Amino acid sequence: MTVYEAIQQRKSIRDFEDRQVEPEKVQRILEAGNLAPTARCSNANRMIVVDTPELKAKVQEACMGQELIGKAPMVLVVCSDSVREMGCKQRASTVDCSIALSFMMLAATQEGLGTCWIGGFTQEPLKAALNIPDEYDVVALTPLGYPAEEGRPRNRKPLEEVVYKNNWNPYF
Ligand SMILES: Cc1cc2nc3c(=O)[nH]c(=O)nc-3n(C[C@H](O)[C@H](O)[C@H](O)COP(=O)(O)O)c2cc1C
């Protein structure tokens with residue numbers, strides 16, 4: 001599968017087969033996340049693999065009860081230290097973790113697995129449930145498992161509406 005094919009195939013998956021994910025697949029996905037760039041090569045990203053029913057239930061609770069969490073055999077949580085702001089005023093943790101999770105979602109697609117970016121969660125209960133140190137913030141998480149649905153139809157604006165050229169002129 002090429003990168004473009006993975007990008008085309010990836011969709012948010014919210015229902016999963018009752019089937020475990022092979023450890024070697026998880027390993028490759030984690031390696032993809034760890035190969036993502038980080039600001040100043042801080043290597044500050046931390047990835048948590050959650051695969052016990054008890055902890056998944058707590059994660060689901062911190063995610064406003066979203067049922068897709070409980071349906072997946074495991075959850076990947078991405079966090080980073082929350083103190084570094086870049087010159088552009090963006091938090092490095094948000095950017096670093098977002099790149100890592102995106103890499104992992106594409107790697108998961110290549111492995112035939114489904115993911116769904118989850119931003120709907122409350123920070124403190126999630127950190128408490130997973131024993132995450134104070135200085136780290138969770139940026140996002142995803143359930144991970146074999147898809148039991150195709151995902152929703154694509155809903156994107158055409159490139160003509162979203163791409164500009166030079167000083168905000170139409171590109172197309
Ligand atoms: C920052 C962010 C937060 C999201 N949070 C949630 C969420 O909490 N729950 C959920 O079911 N989907 C969530 N999604 C998934 C989006 O709804 C989904 O990516 C979007 O509808 C496009 O669909 P697609 O991923 O199938 O292309 C989130 C996506 C992003 C990028």
Side-chain angles (χ1 to χ4, degrees), residues 1-18 21 25 29-30 32-33 36-39 44-51 53 55-82 84-86 88-130 132 136-163:
M1 182 181 283
T2 66
V3 174
Y4 283 120
E5 285 166 344
I7 289 168
Q8 287 286 352
Q9 283 187 26
R10 186 216 58 82
K11 281 185 172 183
S12 290
I13 297 300
R14 298 182 175 85
D15 194 14
F16 298 89
E17 289 181 9
D18 184 14
V21 178
K25 290 193 173 190
I29 291 165
L30 293 170
T38 53
N45 287 343
R46 299 291 180 268
M47 297 169 278
I48 308 167
V49 181
V50 181
D51 65 357
L55 279 181
K56 271 197 305 160
K58 286 186 181 176
V59 172
Q60 182 174 340
E61 205 181 316
C63 293
M64 289 95 173
Q66 296 191 67
E67 288 181 1
L68 73 168
I69 302 293
K71 288 179 178 171
M74 60 174 54
V75 179
L76 302 180
V77 180
V78 186
C79 53
S80 182
D81 70 79
S82 52
R84 291 169 298 127
E85 190 178 84
M86 297 180 288
C88 60
K89 300 290 177 200
Q90 304 296 321
R91 263 189 182 191
S93 57
T94 309
V95 179
D96 289 349
C97 289
S98 297
I99 301 168
L101 185 53
S102 300
F103 276 28
M104 290 197 283
M105 290 167 80
L106 291 178
T109 304
Q110 170 152 356
E111 300 289 357
L113 299 166
T115 57
C116 181
W117 190 293
I118 301 291
F121 63 88
T122 42
Q123 190 69 233
E124 292 312 321
L126 185 57
K127 283 177 66 170
L130 300 178
I132 296 172
Y136 285 85
D137 266 353
V138 176
V139 171
L141 55 116
T142 179
L144 180 71
Y146 284 94
E149 63 158 11
E150 280 188 9
R152 298 171 188 164
R154 283 261 185 255
N155 176 17
R156 296 291 189 275
K157 289 181 175 172
L159 276 187
E160 288 77 3
E161 284 187 41
V162 299
V163 184

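Computed from a predicted model, the values in this text were never measured in an experiment. The chain is numbered in sequence order, starting from 1. Whatever order the structure lists them in is the order used to number ligands and atoms, beginning at 1.
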Atom 5 (N) of ligand 1 sits nearest the protein heavy atom Gly119 N, 3.0 Å
Should Asp96 and Arg84 count as an ion pair when the cut-off is N to O under 4.0 Å?
-> yes
Under 4.0 Å from one or more heavy atoms of Arg154, ligand 1 contributes atoms 27 (O)
Using distance alone, decide if ligand 1 has a nitrogen or oxygen within less than 3.5 Å of any nitrogen or oxygen in Ile118.
-> no
Does atom CD of Gln8 have more than 12 heavy-atom neighbours from other groups under 6.0 Å away?
-> no
Evaluate whether atom CD of Glu67 has more than 12 neighbouring non-hydrogen atoms of other residues, nucleotides or ligands under 6.0 angstrom away.
-> no
Could you find the nearest protein heavy atom to atom 23 (O) of ligand 1 and give me its residue, atom name and distance?
-> Ser12 OG, 3.9 Å
Any non-hydrogen atom of Arg10 lying under 4.0 Å from ligand 1?
-> yes
The one among Glu67, Gln66, Met105 that brings a heavy atom closest to atom 9 (N) of ligand 1 = Gln66
Other residues, nucleotides, ligands: >12 heavy atoms within 6.0 Å of Glu150 CD | no
Report the nearest protein non-hydrogen atom to atom 30 (C) of ligand 1: residue, atom name, distance rounded to 0.1 Å.
-> Trp117 CD1, 3.5 Å
For Lys58 against Ala129, the heavy-atom pair lying closest together = CB-CB, 3.8 Å
Quick check: are there more than 12 heavy atoms from other residues, nucleotides or ligands sitting under 6.0 Å from CZ of Arg152?
-> no
Would you kindly specify which portion of Cys116 sits under 4.0 Å from ligand 1, judged on non-hydrogen atoms: side chain, backbone, both or neither?
-> side chain
Considering only heavy atoms, which of Lys11, Arg156, Arg152 lies nearest to atom 22 (C) of ligand 1?
-> Arg156
Less than 4.0 Å between atom 20 (C) of ligand 1 and some protein heavy atom, yes or no?
-> no
Can we say Arg91 and Asp137 salt-bridge, meaning some charged N sits less than 4.0 Å from an Asp/Glu carboxylate O?
-> yes
Please state which protein non-hydrogen atom is closest to atom 16 (C) of ligand 1 and give its distance, to 0.1 Å?
-> Arg14 NH2, 3.8 Å
Residues, nucleotides or ligands: over 12 heavy atoms within 6.0 Å of Gln66 CD = yes
